[in-house]
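Quick caveat: nothing in here was measured; it's all calculated off a predicted structure. Heavy-atom basis, side chains included; hydrogens, waters and symmetry copies ignored.
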Amino acid sequence: MVFVTTSRYLFDHAITCNGDVSLLSDVAIDVTNGRISWIGKQSDAPSHQGPTSKLGGLVMPGLVNSHAHTPMTLVRGAGDGLPLMDWLTQVMWPREGQMTTEDALWGMRLGAAEMLLAGVTSTCEMYLFEDAIVEAATEIGIRLAITPGIISAVHGNSLAAVDNRIDEISKFHSQYHDPESLITVGFGPHSAYDLPLEVCSEIASAAQDLEALLHIHVCETETEGAALEAQNGGRSTVQLLSDHGVLDGRVLAAHSVWLNNLDIETFAQKNVRVAHCPVSNMKLASGAAPITSMRSKGIDVGLATDGPASNDDLDLWQEIKFAPLLARVSNLNALSMTPQDALTMATVEGSRAIGNEDVGTLEVGSKADFIRLDLDDPTFVPVTNDDELIAHVAWAGSGRHVTDVWVGGTQVVADGQLPDFDLEEALHQVQTRGKRLAEDSGT
């Protein structure tokens with residue numbers, strides 16, 4: 001006989017991020033085998049014989065970072081003030097060129113810890129050293145969509161040169177991809193300005209064969225695609241990607257700042273999802289993505305920090321605040337985006353964007369990824385109606401309010417601490433290794 005234990009958690013309030021993003025009070029959540037098996041008012045809860053934890057506060061789905069390069073904790077803050085291409089070629093790539101697998105492992109360990117402590121329970125990573133990233137994520141217990149990077153400087157820009165990398169990722173997919181675990185695997189071609197369209201098409205075909213996520217930078221800056229577009233009669237980067245079949249599968253387009261109306265229509269028709277990085281886009285002066293136009297067409301838009309070198313942190317709460325602020329000031333319309341919109345993008349919409357369809361809401365059957373916020377804080381007072389509390393969470397919420405975090409029903413943060421992780425050692429390792437990368441690269 002198999003005995004199944006259900007754990008029950010009691011909270012004062014819940015934001016389910018399901019449907020209209022309403023607020024529930026006096027909430028019980030039951031977790032069985034890593035999924036939510038019951039949620040509702042405590043007075044309506046079924047009889048329960050298992051462990052019960054009365055926690056109070058507010059519970060909501062864990063946050064989803066839909067586009068990150070987390071091992072770049074090792075180069076956090078470097079090259080500040082440079083435009084994107086100068087920043088990449090003069091500072092980032094020289095330092096990353098000195099990086100070892102052990103460096104990436106420690107960079108990911110520290111970054112994953114930073115995210116979990118801030119309530120980020122899922123991250124979609126585009127980077128090299130994918131085995132190290134999986135090792136670190138598994139150790140610390142964060143949900144990971146890993147899309148191993150393909151970059152011309154490392155892997156060449158011809159089909160023959162890239163074929164080996166495609167084979168590597170396909171084997172990596174067969175080894176680690178498991179939607180029932182914490183790890184899913186896709187492909188991460190850097191961009192159409194870095195890799196030829198024919199190469200992007202070949203990678204997309206491999207991803208489509210495996211029904212895997214294709215994660216690619218698209219139109220981050222105004223001028224990055226100028227040469228490519230000029231060579232193709234002025235046709236936009238998005239249309240060129242579409243022409244070459246790159247958008248035909250499960251596609252996550254990071255940034256997507258410089259899209260025209262036809263590009264947005266193409267994304268909608270192809271069911272392309274978008275990772276919106278408002279803080280990174282502002283820091284690098286890349287522009288303001290037309291997010292309200294995208295979402296009005298039914299495009300799923302997740303929120304993302306981008307890498308910690310261009311943000312400079314991995315706390316998604318900043319994106320929750322700045323996404324609606326940037327939309328409002330860009331459109332000169334305070335109704336452009338609501339707090340509910342921002343929280344939806346940070347949870348369920350971001351989960352769909354990275355290919356996790358059963359994460360991001362508090363409802364029966366969802367994977368039990370959720371976080372507790374301490375409401376005994378000046379930023380959450382006063383509350384005179386439900387919408388005000390939801391607005392407080394979106395506008396004033398931060399990592400400092402997160403006390404407890406569960407991923408797949410396992411508690412990974414308790415009372416603001418990672419009980420099984422040596423944070424002090426990780427800080428020391430990344431400091432030492434980051435300094436070495438700067439010295440060895442001469443930047």
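The shortest side-chain heavy-atom distance between T305 and D315 does not fall under the 4.5 Å cut-off. For the pair H401 and T379, the minimum side-chain heavy-atom distance is below 4.5 Å. Using a 4.5 Å cut-off on side-chain heavy atoms (C-beta onward), L303 and W317 make no contact. Looking only at side-chain heavy atoms (C-beta outward), M72 and E96 come within less than 4.5 Å of each other. Between F370 and V31, the closest side-chain pair of non-hydrogen atoms falls below 4.5 Å. Proximity of E363 to I36: side-chain heavy atoms (C-beta onward) are nowhere separated by under 4.5 Å.
No option in D103, T443, D440 other than T443 meets the side-chain hydrogen bond (donor to acceptor under 3.5 Å, both in side chains) test with R95. Exactly one residue among I15, D341, T338, T347 makes a side-chain contact (heavy atoms from CB on, under 4.5 Å) with V21. That residue is I15.
Between the side chain of S174 and the backbone N or O of K171, at least one donor-acceptor pair lies under 3.5 Å. A distance-only check finds no donor-acceptor pair linking the side chain of H255 to the backbone of C219 [under 3.5 Å]. Side chain of Q208 to main chain of G245: a donor-acceptor pair is present (N/O by atom type, distance under 3.5 Å, no hydrogens or angles).
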Item to complete: Could you go through the salt bridge (Lys or Arg N to Asp or Glu O under 4.0 Å) check for D306 and K283 one step at a time?
Response: CA-CA 11 Å; D306 202 7; K283 187 188 177 194; over 6 Å; no
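R250 and E211 are not joined by a salt bridge, as no carboxylate oxygen comes within less than 4.0 angstrom of a charged side-chain nitrogen. A salt bridge is defined here as a Lys NZ or Arg NE, NH1 or NH2 lying under 4.0 Å from an Asp or Glu carboxylate O, and R76 with D312 fails to meet this definition. Salt bridge annotation for E168-R165: present, with a cationic side-chain nitrogen under 4.0 angstrom from a carboxylate oxygen.
Heavy atoms from other residues, nucleotides or ligands lying under 6.0 Å from CG of N261 number 12 at most.
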